[in-house]
Amino acid sequence: MKTYRGLIFSLLAAAGTLHAEAAAPPFAEGREYFTLGQTQRTNVAPGKIEVLEVFSYGCPVCNAFQPTMELLKKGLPANAQLAYLPAAFNKAEDWPMFQRAYFAAQALGIAERTHQAMFDAVWNTGELGITVPGANRLKQPLPSIADAARFYARVAGINQQQFLAMANSFGIDSKIRAADAQILAMQVDSTPTLIVNGRYRVIRDALQNNDQLIELVKYLVAKDSA
């Protein structure tokens with residue numbers, strides 16, 4: 001009888017352990033993601049969960065990350081929406097210019113359809129490249145906002161002077177100041193960085209591969225949708 005009871009207790013304990021393991025969340029706070037001390041504003045439609053990429057066109061890792069962003073976009077649930085925030089903390093590699101160019105393109109309604117083309121102009125065709133072809137050094141001078149205006153005129157048919165006027169406007173200056181402050185508040189010091197719903201910062205270095213990253217983002221979207 002004692003042996004029988006012992007077997008029952010062992011089976012119940014094992015079942016409890018399996019249930020606890022099954023119920024454990026697949027990702028942990030402080031390991032794969034970090035909860036921000038202060039929730040940040042989001043810029044998506046009401047009722048949507050924002051998945052924000054902090055990026056720069058001058059960042060080679062962001063360029064390499066583009067296929068993953070496309071997969072993420074396709075894999076997000078209907079209540080989630082991608083958004084982009086350009087960083088400017090690498091002045092030596094022209095990031096402030098790319099930040100200003102993105103905000104001007106966004107204000108003119110052409111940022112989304114020219115997003116990949118801008119990466120291609122920096123890293124594939126060299127039209128807006130920041131490095132000397134075949135050499136491990138930066139161009140001097142680096143591409144200017146006027147160069148970006150010519151690019152957008154070619155790929156989006158926007159008037160160059162209209163683009164430059166927007167890029168140098170008070171409104172874009174205000175957006176730049178707000179972006180810099182938000183990036184600082186989110187403690188983002190590298191790109192690309194993903195922020196979910198202004199609340200969770202993804203720790204990319206803790207993830208094994210991009211498939212796991214996509215699953216983490218979907219997990220955080222579901223977490224804030226509950």
Side-chain angles (χ1 to χ4, degrees), residues 16-90 93 95 98-99 102 106 111-113 115-116 118-120 122-123 178-226:
T17 300
L18 289 172
H19 176 74
E21 290 178 352
F27 302 105
E29 153 71 21
R31 189 180 65 197
E32 289 93 4
Y33 68 93
F34 176 79
T35 302
L36 300 177
Q38 182 176 356
T39 301
Q40 300 296 302
R41 59 179 174 81
T42 60
N43 293 291
V44 293
K48 293 285 188 178
I49 301 293
E50 182 186 75
V51 178
L52 178 71
E53 182 192 17
V54 182
F55 80 102
S56 174
Y57 290 124
C59 165
V61 183
C62 296
N63 179 56
F65 193 62
Q66 275 300 101
T68 301
M69 286 299 295
E70 287 300 313
L71 290 175
L72 178 60
K73 184 177 182 179
K74 293 175 183 177
L76 285 178
N79 69 324
Q81 182 178 335
L82 284 181
Y84 303 92
L85 187 66
F89 48 71
N90 190 342
E93 297 182 8
W95 288 23
F98 290 124
Q99 181 191 56
Y102 177 84
Q106 185 183 60
E112 185 174 349
R113 63 188 172 95
H115 192 58
Q116 182 59 55
M118 189 66 162
F119 275 113
D120 290 340
V122 178
W123 298 106
D180 292 344
Q182 185 176 358
I183 289 169
L184 184 63
M186 296 187 299
Q187 300 178 328
V188 173
D189 59 4
S190 65
T191 53
T193 293
L194 296 178
I195 308 290
V196 178
N197 212 29
R199 189 187 307 271
Y200 308 111
R201 187 179 72 237
V202 170
I203 305 173
R204 281 198 315 119
D205 291 344
L207 302 168
Q208 297 178 3
N209 50 53
N210 288 330
D211 288 339
Q212 191 179 36
L213 181 143
I214 292 171
E215 289 307 310
L216 170 58
V217 171
K218 292 165 69 174
Y219 166 80
L220 293 173
V221 169
K223 181 180 176 70
D224 253 27
S225 300

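By the 4.5 Å heavy-atom criterion applied to side chains, F34 and E29 are counted as neighbours. Counting only heavy atoms from C-beta outward, the side chains of L76 and V51 approach each other to under 4.5 Å. Annotation: side chain of L36 is in contact with side chain of M186 (closest heavy-atom distance under 4.5 Å). Annotation: side chain of C59 is not in contact with side chain of N90 (no heavy-atom distance under 4.5 Å). Put simply, the side chain of L52 reaches to within 4.5 Å of the side chain of Q182, judged on heavy atoms.
Put simply, CE on M69 and CD on Q116 are 11.5 Å apart, with the number rounded to the nearest 0.5 Å. From N197, atom CG reaches atom CD of Q40 across 11.5 Å, with rounding to the nearest 0.5 Å. Here the CZ atom belonging to F89 is positioned 5.0 Å from the OG1 atom belonging to T191, to the nearest 0.5 angstrom. A distance of 6.0 Å separates CZ of F119 from OH of Y57, quoted to the nearest 0.5 Å. Here the CG-OH distance, from L220 to Y200, works out to 7.0 Å after rounding to the nearest 0.5 Å. With rounding to the nearest 0.5 angstrom, the OG1 atom of T193 is 9.0 Å from the CZ atom of F65.
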### Message
Applying side-chain contact (heavy atoms from CB on, under 4.5 Å) to L216 and L207, what does each step give before you reach the verdict?
### Response
CA-CA 9 Å; L216 170 58; L207 302 168; 3.9 Å; yes
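Side chain of N210 to main chain of L213: no donor-acceptor pair is present (N/O by atom type, distance under 3.5 Å, no hydrogens or angles). E53 contributes no side-chain N or O that, together with a main-chain N or O of P192, makes up a donor-acceptor pair within less than 3.5 Å. Checking side-chain atoms of E50 against main-chain N and O of N43 turns up a donor-acceptor pair under 3.5 Å. Between the side chain of T42 and the backbone N or O of V44, no donor-acceptor pair lies under 3.5 Å. With hydrogens and angles ignored, the 3.5 Å screen pairs a side-chain donor or acceptor of Q99 with a backbone N or O of P86.
Under the 4.0 Å criterion applied to side-chain N and carboxylate O atoms, K73 and E70 are not assigned as salt-bridge partners.
Put simply, the residue from V188, V202, V54 that forms a side-chain contact (heavy atoms from CB on, under 4.5 Å) with L194 is V202.
Of all the heavy atoms in F98 and G58, the pair that sits closest is CD1-N, 3.7 Å. Counting all heavy atoms, side chain and backbone alike, P67 lies closest to A64 at CD-O, 3.3 Å. Between Y219 and P26, the shortest heavy-atom distance links the atoms CE1-CD, 3.9 Å. When all heavy atoms of P60 and W123 are compared, the pair lying nearest together is N-CZ2, 3.5 Å. Nearest heavy atom pair, residue A206 against residue E32, reads CB-CA, 4.2 Å. Contact detail for I183 and A87: the closest heavy-atom pair is CD1-CA, 3.7 Å.
Judged as a salt bridge (charged side-chain N to carboxylate O under 4.0 Å, His left out), and not counting sequence neighbours, E93 has no contacts.
Aromatic rings from F55 and Y102 are positioned such that their centres are separated by under 6.0 Å.
The neighbour count for N209 CG, taken as heavy atoms of other residues, nucleotides or ligands under 6.0 Å away, is above 12. The number of heavy atoms from other shown groups lying within 6.0 Å of CD (Q208) does not exceed 12.
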